[in-house]
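For reference, the structure discussed in these notes is given below.
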Amino acid sequence: MKKLITLALVALCFAACGVQKPLTEMQYTLSVQKDMPFVVSEFKQIKPDVYAFKCDQYVGLLPDYEVDNEGASIIWRTTFEPTHTAQPAQYIWRNIVINKRSSRVLCVDRLLNNGKTFGYVYVLQGETKQIPNGFHWDVTDQRHMLNVAPILEEQTELSIELLKTLL
């Protein structure tokens with residue numbers, strides 16, 4: 001009887017440890033939302049790997065980049081002091097969030113309208129055990145920065161179009 005119980009426990013351990021089920025769409029969306037650097041009131045998928053979000057108030061998080069309505073990026077976090085600490089309505093504030101554990105890069109583009117923050121989140125998801133449909137290379141590896149940068153640059157178009165409608 002002891003051998004049978006031991007065998008059953010070993011089999012159960014192998015079954016639990018060896019197989020990770022892929023995340024459902026809802027679980028994946030929640031895991032992306034959890035990676036956001038601030039709390040959002042609405043978060044929904046609008047395209048594959050593109051999410052729209054809204055916040056009920058202004059998000060004062062300083063950006064990594066500032067993007068104008070022509071698509072020009074300005075590196076915000078440098079050795080120079082920023083010229084303004086509150087987001088101007090004519091710029092997109094962009095933050096890059098890297099989650100090495102989930103093999104994910106988030107590009108968070110924020111816009112401002114009537115004192116409320118909203119925008120888009122572009123997700124670059126590398127392949128993991130739980131997310132088998134991503135890139136076959138690790139998007140969080142800094143050696144792949146030359147591959148990741150043009151992808152993020154292309155994805156800016158949706159945010160720029162939204163900014164142009166607000167101006």
Side-chain angles (χ1 to χ4, degrees), residues 20-55 59-85 87-112 117-167:
Q20 283 187 332
K21 293 182 183 178
L23 294 176
T24 65
E25 188 174 323
M26 183 61 150
Q27 289 171 324
Y28 180 74
T29 299
L30 289 173
S31 73
V32 170
Q33 184 176 353
K34 187 176 156 188
D35 285 346
M36 292 283 291
F38 48 85
V39 177
V40 297
S41 56
E42 290 182 37
F43 195 79
K44 64 180 180 179
Q45 186 175 18
I46 58 169
K47 290 182 174 181
D49 296 325
V50 179
Y51 295 84
F53 70 88
K54 291 182 184 176
C55 297
V59 174
L61 176 69
L62 289 178
D64 298 318
Y65 302 93
E66 194 172 69
V67 181
D68 67 13
N69 64 352
E70 299 296 320
S73 294
I74 302 154
I75 299 173
W76 180 268
R77 298 196 184 204
T78 63
T79 55
F80 303 108
E81 286 292 315
T83 56
H84 48 273
T85 56
Q87 181 176 1
Q90 70 269 22
Y91 288 105
I92 298 166
W93 273 14
R94 170 174 281 181
N95 290 91
I96 305 296
V97 179
I98 299 171
N99 182 334
K100 286 189 170 279
R101 186 171 190 210
S102 296
S103 189
R104 180 182 304 142
V105 175
L106 299 184
C107 176
V108 182
D109 282 357
R110 294 179 282 145
L111 296 112
L112 188 64
T117 301
F118 63 98
Y120 297 112
V121 178
Y122 306 101
V123 181
L124 295 179
Q125 177 66 60
E127 191 170 57
T128 68
K129 291 177 183 175
Q130 288 191 312
I131 306 157
N133 296 332
F135 291 107
H136 294 291
W137 44 277
D138 182 4
V139 295
T140 63
D141 188 335
Q142 65 185 9
R143 294 173 293 183
H144 299 149
M145 181 175 35
L146 292 175
N147 295 331
V148 169
I151 295 170
L152 294 179
E153 203 170 304
E154 287 174 13
Q155 292 179 328
T156 306
E157 294 173 15
L158 189 60
S159 298
I160 292 171
E161 290 303 314
L162 183 58
L163 176 64
K164 286 180 180 179
T165 63
L166 296 174
L167 296 178

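For clarity, every value in this text was computed on a predicted model and none was experimentally measured. Any value given below was found using the heavy atoms of this structure, including those in side chains, with hydrogens, waters and symmetry copies removed.
Taking CZ of Phe118 as the start and CD of Glu42 as the end, the distance is 12.0 Å to the nearest 0.5 Å. Remark: Lys44 NZ to Lys54 NZ distance equals 6.0 Å, nearest 0.5 Å. Separation of atoms CD (Gln130) and OG1 (Thr24) is listed at 10.0 Å; rounding is to 0.5 Å. Once rounded to the nearest 0.5 Å, the distance linking CG of Asp64 with CD1 of Ile96 reads 6.5 Å. Residue Glu153 holds its CD atom at 10.5 Å from SG of Cys107, rounded to the nearest 0.5 Å. To the nearest 0.5 Å, atoms CD (Gln90) and CG (Leu163) are separated by 8.5 Å.
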Determine, step by step, whether Asp109 and Leu162 satisfy the side chain to side chain contact (heavy atoms under 4.5 Å, CB included) criterion, reporting the C-alpha distance in whole Å, the side-chain angles of both residues, the deciding distance to 0.1 Å, and the verdict. CA-CA 11 Å; Asp109 282 357; Leu162 183 58; over 6 Å; no
Would Leu112 and Trp93 satisfy side chain to side chain contact (heavy atoms under 4.5 Å, CB included), going step by step from the backbone distance to the final call? CA-CA 9 Å; Leu112 188 64; Trp93 273 14; over 6 Å; no
One pair to check against side chain to side chain contact (heavy atoms under 4.5 Å, CB included): Gln45 and Glu25. What are the steps and the verdict? CA-CA 10 Å; Gln45 186 175 18; Glu25 188 174 323; 3.2 Å; yes
Dump the intermediate steps for side chain to side chain contact (heavy atoms under 4.5 Å, CB included) on Asp68 and Glu66, then the final yes or no. CA-CA 7 Å; Asp68 67 13; Glu66 194 172 69; over 6 Å; no
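Of all non-hydrogen atoms in Glu70 and Ile160, the two that sit nearest each other are C-CD1, 4.5 Å. The two residues Ser73 and Val67 have their closest heavy-atom pair at OG-CG2, 3.9 Å. Considering all non-hydrogen atoms of both residues, Thr140 and Val105 come closest at CG2-CG2, 4.1 Å. Smallest separation of non-hydrogen atoms from Pro150 and Leu146: CD-O, 3.0 Å. Nearest heavy atom pair, residue Ile46 against residue Ala52, reads CG2-CB, 4.0 Å. When all heavy atoms of Cys55 and Ser41 are compared, the pair lying nearest together is CA-OG, 3.6 Å.
Taking the six-membered ring for Trp and thresholds of 30 and 60 degrees, Tyr51 and Tyr28 have ring planes inclined between 30 and 60 degrees apart.
Under the side chain to side chain donor-acceptor pair (under 3.5 Å) criterion, Arg143 pairs with Asp141, sequence neighbours left out. With sequence neighbours excluded, the residues satisfying ring pair (Phe, Tyr, Trp, His ring centres under 6.0 Å) with Phe53 are Phe38. Here Arg110 pairs with Asn95 under the side chain to side chain donor-acceptor pair (under 3.5 Å) rule; sequence neighbours left out.
Under a 3.5 Å cut-off, the side chain of Gln125 and the backbone N or O of Ser103 do form a donor-acceptor pair.
With hydrogens and angles left out, the side-chain atoms of Arg94 and Thr156 include a donor and acceptor closer than 3.5 Å. No hydrogens or angles considered: a donor-acceptor pair under 3.5 Å links the side chains of Ser31 and Arg104.
By the neighbour-count criterion of 12 heavy atoms within 6.0 Å, atom NZ of Lys164 is densely surrounded, having more than that number from other residues, nucleotides or ligands.
Side-chain contact between Leu152 and Tyr65 is absent, with no heavy-atom pair separated by less than 4.5 Å.
The only option from Leu158, Leu106, Asp49 that meets the side chain to side chain contact (heavy atoms under 4.5 Å, CB included) definition with Tyr122 turns out to be Leu158.
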